[in-house]
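So you know, we letter chains A, B, ... as the sequences are listed, proteins then strands, and number each from 1. Values below: all heavy atoms of this structure, side chains included; hydrogens, waters and symmetry mates excluded.
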Number of protein chains: 2
Amino acid sequence: MSVDSETTCNHKHQFHHCNSDGTCMDDESCISLVPIFNHLEPAQMDEIMSLIRSLKFKRGENLYSPGDPANTLYIVSEGKIKIYRLSESGKEQLIRFLRPGDFTGELALFSDTVHEAYAEAIEDTSVCTITRSEFNELLLKYPSISLKVLSEFSHRLEQSEKQTTRFATERVETRIALFLIECMDKDSRSQIVELPMSKKDLASYLGTTPESISRKLTEIEEVGLIEQISNKKIKILDLDGLLNV
Amino acid sequence: MSVDSETTCNHKHQFHHCNSDGTCMDDESCISLVPIFNHLEPAQMDEIMSLIRSLKFKRGENLYSPGDPANTLYIVSEGKIKIYRLSESGKEQLIRFLRPGDFTGELALFSDTVHEAYAEAIEDTSVCTITRSEFNELLLKYPSISLKVLSEFSHRLEQSEKQTTRFATERVETRIALFLIECMDKDSRSQIVELPMSKKDLASYLGTTPESISRKLTEIEEVGLIEQISNKKIKILDLDGLLNV
DNA sequence: CGACGCTTTGACTATACTCAACCCGTGTGG
DNA sequence: CCACACGGGTTGAGTATAGTCAAAGCGTCG
């Protein structure tokens, strides 16, 4: 595993300093924010806290790479992580970003197998980790956690299959339009969408090129469906129109 | 739900007659073949058997359609089921086929939501069903089942993300080549691949058109990597070559 | 035998990629 | 404070890829 961590600790209640953008979390609040744990009793939380181990990764380091054995669950407490894959022909595709509270490593956690994706820290990052065997014991002891994880998995699977179908059947222009609409849902009721990543990354995420993103956005703007306010800000002028792109 | 089943029964140990192709299973062997259950004790199996309910679907009927509430797990005991989605723009994409022993409905089983795909019986089909609430109770009572389901989910998620990346980054020709290689892995060591579906369905599965499938196969044949024996049979002549298409 | 659906082939077109040049904003170092 | 380098972003020209539409071949099943 290409982990080259600075510090590893193995004790309860380690606290960090907050960073400027307010995304800081100590280990405990990190754990308690994770949906799969947030229904537990304080006593159970303490038990989990005793199992976790803090790790730090510097910007550019990989939490794991394809081929690494998948035996650890990572929960992000600070920083930002990029999950991406290389296709058989070597092209990179962005799968998703992880922010504090998100977790990864789960994909292969339950099969005895290796990772197929890269998890790269794109900022200095702190994560809480639990080993596979300890996590499995936890699941056997508290079956309600399993149901939470199953719920999370089924949701992600649904998303992934939907994404697959989009790639398989929709034009680039439509994929961009659908992406904008989904961004809007989160900010809800504001007409202004803030792109959550660079257009280069967006291209990778949507399976296209930066050039095509640029061109298609211009086209969509020219027919009056959107207005490009700035590099990252886009105003939605005609939602129904976008849906029919 | 567009279920219009012929018979519904709710008792243990209902037996069916075997059909000609040997895919028949009575309910119990159906259940015991499912990976998520096959580690259980006989007594636990009996308990599960008491929860299941048999349903039959005629060719062409839908087990569920998008918008139907997802509250049932379906386990196929006889027949063949096609899972497909419609994209936002109305194009159909084949997700997978289910054969005896496979299950579906799990996607949204753990989230309180509705189906987004179609499950259509393409032959007369028998399924065993368990309701969401009963299945959840089962999972809480026997946590080891959860681990099996999690394992199955994580594998499927891995597959789905891999498929997404292929669609996002690979050309049609490459997708076809990779599909052939994966088909070969199953039959292992025979050089002859039997396509598991019509080329029309394969086109839908691979996110392309029947015309392109036909043309690309011809091209791959012309450069000597494969030989098309018959409509459904393809002989692999140069595996390494295929990998580099 | 005929009808139907799947498959193939051909001609044409649309879509989006590649490559190259240039622009712009930011951050760095002199 | 300016010059510069760097990376992202945009624009243009040309090309590759695969989709559409149409017609004809083939197989299977009633």
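Each end of the helix from dC1(C)-dG30(D) to dG30(C)-dC1(D) yields a helix axis from five base pairs, and these two axes differ in direction by 30° (to the nearest 10 degrees).
Evaluation of the ring-ring contact (aromatic ring centres under 6.0 Å, His included) test over residues 213-245 of chain B, restricted to residues two or more places apart or in two chains, returns none. The ring-ring contact (aromatic ring centres under 6.0 Å, His included) contacts involving residues 205-227 of chain B comprise Phe179(B)-Tyr205(B), where partners must be two or more places apart or lie in separate chains.
Tested against Lys82(B), the residues Glu123(B), Glu92(B), Glu61(B), Glu120(B) include a single salt bridge (charged side-chain N to carboxylate O under 4.0 Å, His left out) partner, Glu92(B).
The distance between atom NZ of Lys232(A) and atom P of dC24(C), rounded to the nearest whole Å, is 18 Å.
Residues satisfying the side chain to side chain contact (heavy atoms under 4.5 Å, CB included) criterion with Glu173(A), sequence neighbours excluded, are Arg171(A), Lys216(A), Glu219(A), Ile220(A), Val245(A). Listed by chain and number, the residues in a salt bridge (charged side-chain N to carboxylate O under 4.0 Å, His left out) with Arg215(A) amount to none (sequence neighbours excluded). For Asn244(A), there are no side chain to side chain contact (heavy atoms under 4.5 Å, CB included) partners at least two apart in sequence or on another chain. Take Ala119(B) and apply the side chain to side chain contact (heavy atoms under 4.5 Å, CB included) test, not counting sequence neighbours, and it matches Leu63(B), Tyr64(B), Ile81(B), Ile83(B). For Glu88(A), the side chain to side chain contact (heavy atoms under 4.5 Å, CB included) criterion is met by Lys162(B), Arg166(B), Glu170(B), Leu178(B), not counting sequence neighbours.
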Please set out all donor-acceptor pairs under 3.5 angstrom arising from side-chain atoms of residues 223-230 of chain B, sequence neighbours excluded.
{"residue": "Gln228(B)", "atom": "NE2", "partner": "Glu221(B)", "partner atom": "OE1", "Å": "3.2"}
{"residue": "Ser230(B)", "atom": "OG", "partner": "Lys233(B)", "partner atom": "N", "Å": "3.4"}

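Heavy atoms from other residues, nucleotides or ligands lying under 6.0 Å from NZ of Lys200(B) number 12 at most.
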Find every protein N or O atom lying less than 3.5 Å from an N or O atom of nucleotides 21-27 of chain D, and list the pairs.
{"residue": "dC21(D)", "atom": "N4", "partner": "Glu211(B)", "partner atom": "OE2", "Å": "3.0"}

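For Ala168(A) and Gln228(A), each mapped to the nucleotide of DNA chain D holding its nearest heavy atom, the one lying further toward the 5' end belongs to Gln228(A).
Within a heavy-atom distance below 4.0 Å of DNA chain D, the residues of residues 169-176 of chain B found are Arg171(B), Val172(B). If you check residues 197-209 of chain B against DNA chain D, the residues with a heavy atom closer than 4.0 Å are Gly207(B), Thr208(B), Thr209(B), listed by number.
Under the 4.0 Å criterion applied to side-chain N and carboxylate O atoms, Glu161(B) and Arg156(A) are not assigned as salt-bridge partners.
Here dT11(D) is the nucleotide among dT10(D), dT18(C), dT11(D) with the atom lying nearest to any side-chain atom of Thr218(A).
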